[in-house]
Amino acid sequence: MINRRKFIKTTWVAGTGFLLAPQLGKAAGFFKGSPNDKVVVGMMGTHSRGLYLAQNFAKIPNTEVGFVCDVDSKVVENTIADIYKRTGKKPEGYTDIRKLLERKDVDAIVIAAPDHWHAPGAIMACQAGKHVYVEKPCSHNPHEGEMLVAASKKYNRLVQMGSQRRSFNNVQQMVKELHDGVIGRTYYAKGWYTNHRDTIGIGKQVAVPANLNYELWQGPAPRRPYQDNLIHYNWHWFWNWGTGEALNNGTHELDVIRWGLGADFPTKVVSTGGRFHFKDDWQTPDTQNILYNFPNNTAAEWEGRSCNGYNIEGLGRGVIFYGDKGTLFYTGGNGYKIYDGENKLVREVKDEAPVDATNKVSPTEALDGLHMANFIQTIQGTAKLNCPIETGFKSTLLPQLGNISYRVDRVLHIDPSNGHILHDPEAQKLWSREYEKGWEPKV
């Protein structure tokens, strides 16, 4: 029999009767695996969401959380203790992801570090021969997303983005019904997210805590002084490291919208909003609307309110699809309602698992494991990725274009063949970013 480690590392072999992995393109060849092949996972970033991911990957059959990497030594210690308590096996701890990637006994890397690390870390992992599960958004900026797609193809690695609704059975059924015409021709969709986030205040420049390697935390990002209101969560609201609510949460709704509308890249994007609720260090919008037109004669909008949690249609997050013969209301988890043209409820598919829209770790905790299991099963050769990086990139690009429109304060015209911004050099500058010297990602 083929050695298990060699088996997983040489997944791309030519032959017949194997499971084709089309998401990696023709160059990838064919994939062979077995559900009995143990997949060893290394975790990058295990505070909060990352710890939650580690706990869930540890539950998947024939999966071992063998390594934990975080720039905070206390976080590493806590994660190791937690996984050991749950599994009886103690993961090895690392501070520097580059050292972890040198390990030959790691099959896959799960990335839940801050947004500015997502694509650079994933690209490095592909180059090291690891498959990658990367949290949304898959990149800090559009150019990084394109690079990650290229890296997945060049190094023949599976890369799954954490748009977990792609693995929810009722959502899969819902999208099929939309495409089959359950509400006629679906031509418009609206998504939203609301929360009651408090002020982050005015930060003070203080000494970096002894347990935190701030140099590695910043990694690819241009250096900024450490301040006391930044880590571990509020980096989301600073452009240097984060991407705002549109990507922190809007990526989920916009992914479902794009999927349901059968759309890829838009033709036009415009966004309005601002930081209205508090006067503090928060840089990204706390209130934002983004509008899209797509070339298949459809349109969409997303509304985000970070600091006023008044529900829309009774929910803190969701999507409504409008068609020429009815309406479909997706309730944000694994349920939906179908209405006819007279607004009469025709059918309801109930979500048995509750959704907590304001849960920072996982609003859909009871269902997320399906998406992680899909990633592992694809490595083992018994499934195909539900959100391969090509799909994740397109959905991540939508809120990124919204943020670019917001920052330049005008409508963006988009090439629908590739999502690139047309005839706007100022906006095009935000397609990429500056990097700390020596940290520039390369494919």
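A pairwise comparison of heavy atoms in Ala125 and Val132 identifies CB-CG2, 3.6 Å as the closest pair. Considering every non-hydrogen atom in both Trp237 and Ile200, the closest pair reads CD1-CG2, 4.1 Å. Between Gly42 and Val106, the shortest heavy-atom distance links the atoms N-CG1, 3.9 Å. Heavy-atom minimum distance, Ala189 versus Phe321: CB-CD2, 3.7 Å. Nearest heavy-atom pair, Ala246 versus Pro399, reported as atom, atom and distance to 0.1 Å: O-CB, 3.4 Å. For Gly45 against Asp70, the heavy-atom pair with the smallest separation is CA-OD2, 3.3 Å.
Distance alone, capped at 3.5 Å, is enough to place a donor-acceptor pair between the His116 side chain and the Trp217 backbone. Of the possible polar contacts, one joining the Gln127 side chain to the Lys442 backbone as a donor-acceptor pair under 3.5 Å is found. The closest donor-acceptor contact from the side chain of Glu436 to the backbone of Arg223 lies under 3.5 Å. Counting only distance, with no hydrogens or angles, the side chain of Gln173 and the backbone of Asn169 share no donor-acceptor pair below 3.5 Å. Using a distance-only test at 3.5 Å, with no hydrogens or angles considered, a donor-acceptor pair links the side chain of Thr267 to the main chain of Asn293. A donor-acceptor contact shorter than 3.5 Å links the side chain of His118 to the backbone of Ala113. In this structure, the side chain of Arg165 does not engage the main chain of Asn334 through any donor-acceptor pair within 3.5 Å.
Donor-acceptor pairing under 3.5 Å is lacking for the side chains of Tyr339 and Glu348. For the residue pair Gln160 / Asn374, a side-chain donor-acceptor distance below 3.5 Å is found, with atom types taken as modelled. Checking Asp286 against Ser306 by side-chain atom types alone, no donor-acceptor pair falls below 3.5 Å. With no hydrogens or angles considered, no side-chain donor-acceptor pair links Asn56 and Asp368 at under 3.5 Å. Between the side chains of Ser167 and His371, at least one donor N or O sits under 3.5 Å from an acceptor N or O. For His47 and Asn78, the side-chain atoms include no donor-acceptor pair closer than 3.5 Å. For Tyr330 and Glu253, the side-chain atoms include no donor-acceptor pair closer than 3.5 Å. Defined by atom type and a distance below 3.5 Å, a donor-acceptor pair is missing between the side-chain atoms of Thr272 and Asn289. Side-chain atoms of Asn229 and Gln227 form a donor-acceptor pair, as typed in the model, at a separation below 3.5 Å. A side-chain donor from one of Glu146 and His420 sits under 3.5 Å from a side-chain acceptor of the other. A donor atom on one side chain and an acceptor atom on the other are found under 3.5 Å apart for Tyr193 and Asn195. With hydrogens and angles left out, the side-chain atoms of Glu177 and Tyr336 include a donor and acceptor closer than 3.5 Å. Side-chain N/O atoms of Thr79 and Thr46 include a donor and acceptor closer than 3.5 Å. For the residue pair Arg305/Thr194, the side-chain donor-acceptor check at 3.5 Å is not satisfied. Under the 3.5 Å distance criterion, with hydrogens and angles disregarded, no donor-acceptor pair is assigned to the side chains of Asp351 and Thr331. A donor and an acceptor atom, one from each side chain of Gln283 and Asn240, are nowhere located under 3.5 Å apart.
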Audit row: Lys429, Asp424, salt bridge (charged side-chain N to carboxylate O under 4.0 Å, His left out) steps and yes/no | CA-CA 9 Å; Lys429 289 180 181 178; Asp424 194 332; over 6 Å; no
Between Thr391 and Arg166, is a side chain to side chain contact (heavy atoms under 4.5 Å, CB included) present by the stated rule, with each step listed?
-> CA-CA 10 Å; Thr391 298; Arg166 293 266 175 173; 3.5 Å; yes
Tell me, with the steps shown, if Ser271 and Gln288 meet side-chain hydrogen bond (donor to acceptor under 3.5 Å, both in side chains).
-> CA-CA 7 Å; Ser271 177; Gln288 187 173 17; 3.1 Å; yes
Do Ser152 and Leu158 pass the side chain to side chain contact (heavy atoms under 4.5 Å, CB included) test, and can you show the C-alpha distance, the side-chain angles, and the key distance before you say yes or no?
-> CA-CA 6 Å; Ser152 174; Leu158 294 161; over 6 Å; no
Ile183 and Lys325: side chain to side chain contact (heavy atoms under 4.5 Å, CB included), yes or no, with the steps?
-> CA-CA 5 Å; Ile183 59 171; Lys325 294 181 181 178; 5.5 Å; no
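For the pair Ile111/Glu135, no side-chain contact is recorded, criterion being any heavy-atom separation below 4.5 Å from C-beta on. Contact of the Met124 side chain with the Ile97 side chain is registered, since non-hydrogen atoms from C-beta on lie closer than 4.5 Å. Two residues are said to be in side-chain contact when any heavy atoms from C-beta on lie closer than 4.5 Å; Ile376 and Phe57 meet this criterion.
The cationic group of Arg407 lies under 6.0 Å from the six-membered ring centre of Trp239 and within 45° of the ring axis, placing it in a cation-pi geometry. No cation-pi contact links Arg317 to Trp192, judged by a cut-off of 6.0 Å to the six-membered ring centre and 45° from its axis. Judged by a 6.0 Å distance limit and a 45° cone about the ring axis, Lys394 is positioned over the six-membered ring of Phe265.
Ring pair Tyr292/Phe294 is parallel by interplanar angle, where below 30° counts as parallel and above 60° as perpendicular. The aromatic rings of Tyr94 and Phe67 sit tilted, their planes meeting at an angle between 30° and 60°. In this pair, Tyr226 and Tyr214 present their aromatic rings perpendicular. The plane angle is above 60°, beyond the 30 to 60° band.
A salt bridge is absent between Lys136 and Asp255; no separation between the charged side-chain nitrogens and carboxylate oxygens falls under 4.0 Å. Ionic pairing of Arg197 and Glu245 is present here: one or more N-O contacts between side-chain nitrogen and carboxylate oxygen are shorter than 4.0 angstrom. The pair Glu440-Arg433 fails the salt-bridge criterion, with no side-chain N (NZ, NE, NH1 or NH2) lying under 4.0 Å from an Asp/Glu carboxylate O.
Aromatic pair Trp235/Trp241: centroids not less than 6.0 angstrom apart. For Trp439 and Trp117, the ring centers are positioned less than 6.0 Å apart.
Partner Arg275 forms a side-chain hydrogen bond (donor to acceptor under 3.5 Å, both in side chains) with one of Thr284, Asp280, Asp281 and no other, that one being Asp280.
By the 6.0 Å contact criterion, CG on Asn418 is enclosed, its count of non-hydrogen atoms from other residues, nucleotides or ligands being greater than 12. The environment of Glu434 atom CD is sparse: at most 12 non-hydrogen atoms of other residues, nucleotides or ligands sit within 6.0 angstrom.
The distance from atom NZ of Lys130 to atom CG of Asp107, rounded to the nearest 0.5 Å, is 7.5 Å.
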